[in-house]
Amino acid sequence: MNARTLCLAILNFGEATGYEIRKQSIEGDFSYFVDTSFGAIYPALNRLTEEGFVECRDEVQPGKPARKVYSITPAGRAAFVDALHQSVEPDIFKSQFLLASTCSAYIEPAHMARLIEERVAQLDRMLETIRSLEAQCDDPGMRWTIGYGLAVYEASRAHLIKNRDALIASAGTEIATETADATEAAV
């Protein structure tokens, strides 16, 4: 899926301005699904409009320039449904914390402990955000997705708490070796 499908998905739930679509796709409820950039949203909306999948109207604002409001057309909804029936790529997961964990041998144990505490706090904030979404949601598909997100973050948090001591124990082992090697080389 791409910026085009993401725009159609957001518009499937209601009309929106380009700014609102960008905000939803970069930092809002739809930011969890597809990586897209600010620069991809407006070209996708222009193409969708040219193809008749999206309509655009100017909305007058008192004392401000008119804003463009986009809505999905029946042809756009059909294209969106068709896109949902295509195979999906594997999930992409990137984590700076996991890079630090992988290289824990080069991190002081006290710093590794701080990174773990920070990560637990991040996971707690994510869980709080997702639970607040769950309380507001009545769509069955979205509730299922929220439940999936809760399960993933809760499992991640539980694994981190359960295995924190082992990660801290692995920390700093190469620092000691490098220090000893440097000392030996200096002698």
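Being a predicted model, the structure only gives us computed values, none of them experimental.
When all heavy atoms of Leu123 and Ser156 are compared, the pair lying nearest together is CD1-OG, 3.8 Å. The shortest heavy-atom contact between Glu134 and Arg143 is O-NH1, 2.8 Å. Taking all atoms of both residues into account, the shortest heavy-atom contact from Cys7 to Ile21 is SG-CG2, 3.9 Å.
Ion pairing between Asp58 and Arg67 fails under the 4.0 Å rule for side-chain N and carboxylate O.
Checked by atom type and distance alone, the side chain of Ser104 pairs as donor or acceptor with a backbone atom of Ser101 at under 3.5 Å. Under a 3.5 Å cut-off, the side chain of Arg157 and the backbone N or O of Val120 do not form any donor-acceptor pair. Remark: side-chain polar atoms of Arg77 are not paired, donor with acceptor, to backbone N or O of Ile72 under 3.5 angstrom.
Environment of CD in Glu128: sparse, with no more than 12 heavy atoms of neighbouring residues, nucleotides or ligands closer than 6.0 Å. The environment of Asp91 atom CG is sparse: at most 12 non-hydrogen atoms of other residues, nucleotides or ligands sit within 6.0 angstrom. Environment of OH in Tyr42: crowded, with over 12 heavy atoms of neighbouring residues, nucleotides or ligands closer than 6.0 Å. More than 12 heavy atoms of other residues, nucleotides or ligands sit less than 6.0 Å from atom CD of Gln61.
The structure places CD of Glu15 at 10.5 Å from SG of Cys56, a figure rounded to the nearest 0.5 Å. Between atom CZ of residue Arg47 and atom OG1 of residue Thr49 there is a gap of 10.5 Å, rounded to the nearest 0.5 Å. Between the CD atom of Glu20 and the CD1 atom of Ile41 there is a distance of 13.0 Å, given to the nearest 0.5 Å. To the nearest 0.5 Å, atom CD of residue Gln24 and atom OG1 of residue Thr17 are 10.0 Å apart. Of the inter-residue distances, the one linking Leu150 atom CG with Thr129 atom OG1 reads 10.5 Å to the nearest 0.5 angstrom. Going from atom CG of Asn46 over to atom CD of Glu51 covers 11.0 Å, rounded to the nearest 0.5 Å.
Classified by interplanar angle (parallel below 30°, tilted 30° to 60°, perpendicular above 60°), the ring pair Phe30/Phe33 is perpendicular.
A continuous path of ILVMFWY side-chain contacts below 4.5 Å connects Phe93 to Leu127, so both sit in one hydrophobic cluster. Side-chain heavy atoms closer than 4.5 Å link hydrophobic residues (I, L, V, M, F, W, Y) into clusters, and following such links, even through other members, never connects Val152 to Phe97. Note on Met126: it clusters hydrophobically with Ile146, by side-chain heavy-atom contacts below 4.5 Å among ILVMFWY residues. At a threshold of 4.5 Å between side-chain heavy atoms, the hydrophobic network of Ile, Leu, Val, Met, Phe, Trp and Tyr places Leu6 and Val69 in two separate groups. The hydrophobic clustering, which links ILVMFWY residues whose side-chain heavy atoms are closer than 4.5 Å, places Leu8 and Ile26 apart.
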Taking it one step at a time, do Arg119 and Gln122 satisfy side-chain hydrogen bond (donor to acceptor under 3.5 Å, both in side chains)?
-> CA-CA 5 Å; Arg119 183 64 179 154; Gln122 291 167 353; 3.2 Å; yes
Go through the steps for Met142 and Phe13 under the test side-chain contact (heavy atoms from CB on, under 4.5 Å), then give the verdict.
-> CA-CA 12 Å; Met142 197 169 285; Phe13 286 93; 3.9 Å; yes
Which is it for Leu167 and Ser170 under the side-chain contact (heavy atoms from CB on, under 4.5 Å) test, yes or no, and what are the steps along the way?
-> CA-CA 5 Å; Leu167 183 55; Ser170 73; 3.8 Å; yes
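Using a 4.5 Å heavy-atom cutoff, the side chains of Leu11 and Leu45 are in contact.
A donor-acceptor contact closer than 3.5 angstrom links the side chains of Asn2 and Thr5.
For residues 50-81, no pair satisfies ring pair (Phe, Tyr, Trp, His ring centres under 6.0 Å), with sequence neighbours left out.
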Identify every side-chain donor-acceptor pair in residues 107-117 under 3.5 Å, counting partners at least two apart or on other chains, and give the distances.
{"unit_1": "His111", "atom_1": "ND1", "unit_2": "Arg114", "atom_2": "NH2", "d": "3.3"}
{"unit_1": "Glu117", "atom_1": "OE2", "unit_2": "Arg164", "atom_2": "NH1", "d": "2.2"}

